[in-house]
Amino acid sequence: RRVRLVGIDTPESIKSNKLTKDSKILSVAKEALLEAGIIAKNFVEESAPPGSKVIFEQDLDADSKDSYGRPLVYLILENGKELNELLLQE
């Protein structure tokens, strides 16, 4: 299931028009953004590999879905830690 983590906006992990747009807006090289996006993606995949038991908590004060229709959630890992917070710490 694809979800969007509340409070998290990582760079793209694939070459795309959004990557080019973000690069221009942020004045950061596309390659640097792409690398950061891949690091974030790998961190999420290592923290919550496919098949992991996780808990989705929705923020009742936030919109329930993003512009792509993905639910906005806090993701709680099996160890009780919140993935959203761990990403911000990294």
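Remark: Glu45 CD is packed, more than 12 non-hydrogen atoms of other residues, nucleotides or ligands lying under 6.0 Å away.
Note on Leu88 and Val44: same hydrophobic cluster, where clusters join Ile, Leu, Val, Met, Phe, Trp and Tyr whose side-chain heavy atoms are under 4.5 Å apart, directly or indirectly. No continuous path of ILVMFWY side-chain contacts below 4.5 Å connects Ile8 to Leu34, so the two sit in separate hydrophobic clusters. Residues Leu87 and Leu75 are members of one and the same hydrophobic cluster, defined by side-chain heavy-atom contacts under 4.5 angstrom among Ile, Leu, Val, Met, Phe, Trp and Tyr. Under a hydrophobic clustering in which Ile, Leu, Val, Met, Phe, Trp and Tyr are joined whenever their side-chain heavy atoms come within less than 4.5 Å, directly or via other members, Leu83 and Val73 fall into the same cluster.
For residues 75-85, there are no salt bridge (charged side-chain N to carboxylate O under 4.0 Å, His left out) pairs, not counting sequence neighbours.
Of the possible donor and acceptor atoms, none in the side chain of Ser23 sits under 3.5 Å from a partner among the backbone N and O of Leu19. Between the Thr10 side chain and the Gly37 main chain, no donor and acceptor come within less than 3.5 Å of each other.
The heavy-atom pair separating Pro49 from Ser52 by the smallest distance is O-OG, 2.6 Å. Considering every non-hydrogen atom in both Val54 and Ala48, the closest pair reads CG1-CB, 4.3 Å. Across all their heavy atoms, Asn84 and Tyr74 have their closest contact at OD1-CA, 3.4 Å.
Residues passing the side chain to side chain donor-acceptor pair (under 3.5 Å) test with Asp22, sequence neighbours excluded: Lys18. Under the side chain to side chain donor-acceptor pair (under 3.5 Å) criterion, Asp66 pairs with Arg70, not counting sequence neighbours.
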**Report entry** Derivation and outcome, side-chain contact (heavy atoms from CB on, under 4.5 Å), residues Leu77 and Ser47
**Finding:** CA-CA 8 Å; Leu77 302 171; Ser47 299; 4.2 Å; yes

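The line from NZ of Lys15 to CG of Leu33 is 13.0 Å long, rounded to the nearest 0.5 Å. Rounding to the nearest 0.5 Å gives a distance of 10.5 Å between CD of Glu12 and NZ of Lys21. A distance of 8.5 Å separates CZ of Arg4 from OH of Tyr68, quoted to the nearest 0.5 Å.
Residues Lys65 and Leu72 form no side-chain contact, since every pair of their non-hydrogen atoms from C-beta on lies 4.5 Å or further apart.
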